[in-house]
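Following: one structure in structure tokens, then a few remarks.
Each chain gets a letter, A, B and so on, in the order the sequences are listed, and its residues count up from 1.
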Number of protein chains: 2
Amino acid sequence: MMNIDASAMRLLNRASVLRYIRDHKLTTRIAISEATGLTRATVSSLVETLLEEGFVDEVGYGASSGGRKPVMLRFNADAAYSIGVDVQISHMTTVVCNIRGDIAYKNVRRLLNAQTGQKIDQLSLLEWIQTEVKAALAHVPPSPHGITGIGLAVPGLVNFTTGFIYHLPNLSISNWGIREVLQEQFALPVYVDNDANCGAFAEYEKRNVPKSSIIYVNAGIGVGVGLILNGQLFRGRDGLAGEFGHMTIEENGVPCSCGNRGCFEQYASEQSLMRYLEELQIHVSPSAEISSILEQVIYESYLGSEKYQFAFERLGTYLGIGMANIANALNPDEIVLGGRVSMAYKFLSERMISTFKQRAISQNREIPIVMGYVNGVAIGAAGIAMNESLFASPVASVG
Amino acid sequence: MMNIDASAMRLLNRASVLRYIRDHKLTTRIAISEATGLTRATVSSLVETLLEEGFVDEVGYGASSGGRKPVMLRFNADAAYSIGVDVQISHMTTVVCNIRGDIAYKNVRRLLNAQTGQKIDQLSLLEWIQTEVKAALAHVPPSPHGITGIGLAVPGLVNFTTGFIYHLPNLSISNWGIREVLQEQFALPVYVDNDANCGAFAEYEKRNVPKSSIIYVNAGIGVGVGLILNGQLFRGRDGLAGEFGHMTIEENGVPCSCGNRGCFEQYASEQSLMRYLEELQIHVSPSAEISSILEQVIYESYLGSEKYQFAFERLGTYLGIGMANIANALNPDEIVLGGRVSMAYKFLSERMISTFKQRAISQNREIPIVMGYVNGVAIGAAGIAMNESLFASPVASVG
DNA sequence: ACACTTATGTAAATGTGTTAAACTATGTAG
DNA sequence: CTACATAGTTTAACACATTTACATAAGTGT
């Protein structure tokens with residue numbers, strides 16, 4: 001509950017103007033004034049500030065409608081960059097993004113030893129993150145504001161405010177204060193968040209519908225969900241919101257590692273795909289590690305193998321059930337399927353959507369279900385860092 | 001995306017100060033200044049305004065800690081009143097509340113004909129609402145601001161912004177623009193909202209933890225859920241959020257009127273209690289209408305009848321499953337059980353809470369589950385009207 | 001008594017958006 | 001080509017709110 005003074009007021013109005021320019025390819029001071037309700041004088045003043053800051057460019061004149069030609073204004077998406085790192089079990093993706101989330105540099109590195117199936121340990125992971133960030137920093141294009149921050153997406157439980165990692169189940173890492181280490185080394189603000197949250201943020205930014213609610217279903221080894229509600233990431237009491245993966249969808253169903261039975265995650269994850277394959281008595285090479293079996297099954301499905309496709313249809317059915325539950329619960333504007341499982345979108349989407357329409361209450365049946373952007377999680381991590389550094393409101397609870 | 005000018009700024013800071021005073025029994029200008037970050041001069045100025053408006057009183061001097069005695073300030077909860085109407089199938093409750101939600105007047109009227117089981121029709125309902133509101137208006141105590149608005153809680157689908165009722169399934173009412181009628185007749189702002197939302201709002205206001213997240217599970221004939229997320233009612237795309245009642249908890253479970261199978265509502269509502277009684281071969285008088293069977297079973301349970309208690313235990317089990325799902329989904333600060341079913345709290349809470357602890361992921365197991373306040377829905381309806389009329393932010397998205 | 005501390009009020013300075021008018025650039029009509 | 005109308009931009013006076021600095025009030029401790 002912070003107070004507002006004159007400078008906070010100007011920052012808020014400046015943000016209003018900047019948002020408007022960002023959301024319109026080309027615009028004029030007059031248009032901004034009409035849209036925001038600010039007077040033309042104020043808009044001129046704020047635009048001047050933004051021009052000086054480099055966030056906005058004047059790009060020639062527009063067509064006249066019977067008078068002086070307007071000066072066209074354009075958002076300079078390249079005024080600043082941020083780095084996003086998406087750490088997964090099998091690999092990590094590092095990107096450099098501009099303000100709009102366009103990728104200027106990208107690198108993917110494998111973390112899992114494909115032969116031995118050996119996972120990376122905590123120290124080696126830190127070293128790889130440091131190496132990758134260094135490489136990314138070397139590829140940041142010159143810009144007025146340079147690099148504003150580093151966002152780190154991890155598959156597990158994090159306290160976003162403190163940047164402390166509680167637990168990454170699939171990496172066997174717990175209680176890790178990685179933020180301080182990176183922050184000190186790179187002298188940049190570092191933000192650590194759950195991967196599903198990052199994915200959700202990226203989708204929200206791309207769609208760019210103010211105050212909308214977007215659900216990002218990150219289906220991989222497990223299922224995590226990122227929630228954008230009324231245009232804001234909802235993290236819950238302990239930053240734990242979105243654990244829809246442990247929602248019971250079958251009272252006496254398959255036992256789950258969380259102690260419960262019939263969790264969504266046991267029916268709609270990469271792990272559950274393995275179970276379906278077993279149940280269908282489909283043999284998969286036991287030497288290959290989990291993450292590549294999915295890709296193998298996708299490959300087989302592309303070749304037209306019906307029995308593999310059948311496994312994906314089961315997965316799609318359960319994704320549909322879970323998404324219907326989520327839609328009924330939150331009545332969002334859109335649901336996005338992300339994570340490794342979304343690679344099989346082609347083979348599971350039909351069943352997923354038909355089940356969704358069958359299970360959701362009638363008013364929710366038309367909520368669009370789409371596939372997530374490639375590299376969404378890494379882009380979102382960069383976006384969160386950008387957002388916190390550049391657009392974070394001076395006033396708590398002011399969007 | 002509205003702009004902020006000087007007067008909006010003052011309103012926001014005024015709201016900050018008022019909230020602080022409201023949330024502390026007795027306080028001083030200095031304490032407000034330190035808590036809000038506003039300078040002492042500004043606080044003095046804002047407090048003066050609030051004194052003039054009657055929202056705050058000076059009540060003598062506090063103890064000195066080595067200097068001038070501070071003037072003690074107290075929130076005047078009786079500076080304004082609002083009316084709340086809770087329309088249920090069987091009865092309606094009308095209350096007059098002060099700003100804090102204390103009841104100054106209350107009246108309950110039966111709507112359902114106990115003999116015939118005949119439900120009330122739309123026109124009669126309107127007439128009753130008008131009669132009840134008139135009676136309430138006559139009982140409003142004198143105050144600086146008088147009556148600020150009327151809140152109407154209904155069991156069904158509403159567009160809060162327009163006040164248009166889409167559908168009240170258990171009253172067989174659809175597409176009803178009741179807001180305009182009442183607004184014109186009483187020349188007061190009228191707000192129409194879903195009953196679960198009103199219940200959630202009342203619980204949030206009573207607990208009064210800023211930015212907290214509270215889930216109100218309204219279990220009656222059906223199950224509706226009201227969501228307070230980060231201190232704000234979350235309504236979703238179409239005002240439909242909170243339909244956890246139609247969350248699948250059993251893939252091939254009991255068919256539901258929504259077209260789905262295994263909906264939560266089919267296992268944790270008053271209706272499902274009837275089914276449990278049947279399954280347990282417990283005979284209940286077929287002439288009595290639904291709403292009184294619940295009360296009858298509660299009565300029998302109080303007498304110590306184990307078989308009736310067993311039915312409640314089943315209900316409790318499923319409430320626990322559903323609440324675990326909700327807790328995992330949203331990681332709230334608290335879960336509240338409201339609605340008619342909560343009358344049986346004594347008989348179902350133990351099983352409900354143990355099931356919850358068993359099903360929720362470990363970090364969510366300690367989330368408190370409590371029983372809702374009596375008359376919570378009506379108080380919440382009044383509270384929403386009060387809030388919209390007095391505290392609604394001049395700037396979109398500012399809490 | 002005196003110095004110090006705490007609480008509150010007052011007046012000038014500063015910063016912001018608004019309003020209204022002046023200014024600039026451009027197009028259209030005669 | 002000139003006069004006029006239109007659209008966009010800038011400037012100056014003004015209103016409002018917060019801050020800063022100082023003054024005042026009223027207690028405590030030595």
I need the [atom1]-[atom2] distance between [X] and [N], as an integer number of Å.
| X | N | atom1 | atom2 | result |
| --- | --- | --- | --- | --- |
| Leu73(A) | dG8(D) | CG | P | 12 Å |
| Tyr61(B) | dA7(C) | OH | P | 14 Å |
| Glu48(A) | dG17(C) | CD | P | 13 Å |
| Ile4(B) | dA17(D) | CD1 | P | 14 Å |
| Leu12(B) | dT16(C) | CG | C1' | 15 Å |
| Arg10(B) | dT19(D) | CZ | P | 11 Å |
| Lys69(B) | dT5(C) | NZ | C1' | 15 Å |
| Leu11(A) | dG15(C) | CG | P | 15 Å |

Quick check on side-chain contact (heavy atoms from CB on, under 4.5 Å): which of [options] does [X] satisfy it with?
| X | options | answer |
| --- | --- | --- |
| Leu46(A) | Leu51(A), Ile21(A), Thr36(A), Leu38(A) | Leu38(A) |
| Val47(B) | Ile32(B), Thr42(B), Val71(B) | Ile32(B) |
| Val56(A) | Asn76(A), Leu50(A), Thr49(A) | Leu50(A) |

Cation-pi, Phe160(A) ring and Arg235(A) (6.0 angstrom, 45 degrees):
yes

Side chain of [X] - closest among [options]:
| X | options | value |
| --- | --- | --- |
| Ala6(B) | dA17(D), dT10(D), dT18(D) | dA17(D) |
| Pro70(B) | dT8(C), dT16(C), dT19(D) | dT8(C) |
| Ala41(B) | dG17(C), dT18(D), dT20(D) | dT20(D) |
| Asp5(A) | dA7(C), dG17(C), dT18(D) | dT18(D) |
| Thr42(A) | dT16(C), dT18(C), dT19(D) | dT18(C) |
| Ile30(A) | dT9(D), dT8(C), dT10(C) | dT9(D) |

Return whichever of Met9(B) or Arg40(A) has its heavy-atom-nearest nucleotide of DNA chain D closer to the 5' end.
Arg40(A)

Where each residue is assigned the nucleotide of DNA chain D containing its nearest heavy atom, which of Glu34(A) and Ser45(B) is assigned the position nearer the 5′ end?
Glu34(A)

Is the shortest side-chain N/O distance from [X] to OP1 or OP2 of [N] below 4.0 Å?
| X | N | result |
| --- | --- | --- |
| Ser7(B) | dC16(D) | no |
| Ser44(A) | dT9(D) | no |
| Asn13(B) | dA17(D) | no |

Assign Arg29(A) to base, sugar-phosphate, or nothing according to its heavy-atom contacts below 4.0 angstrom with the strands shown.
sugar-phosphate

If you look at every strand shown and take non-hydrogen atoms under 4.0 Å, does Thr39(A) touch a base, only sugar-phosphate, or nothing?
base

Which pair of non-hydrogen atoms, one from Ala79(A) and one from Pro144(A), has the smallest distance, and what is that distance?
O-CD, 3.5 Å

Under a plain distance cut-off of 3.5 Å, with no hydrogens placed, do Ser45(A) and Arg10(A) share a side-chain donor-acceptor pair?
yes

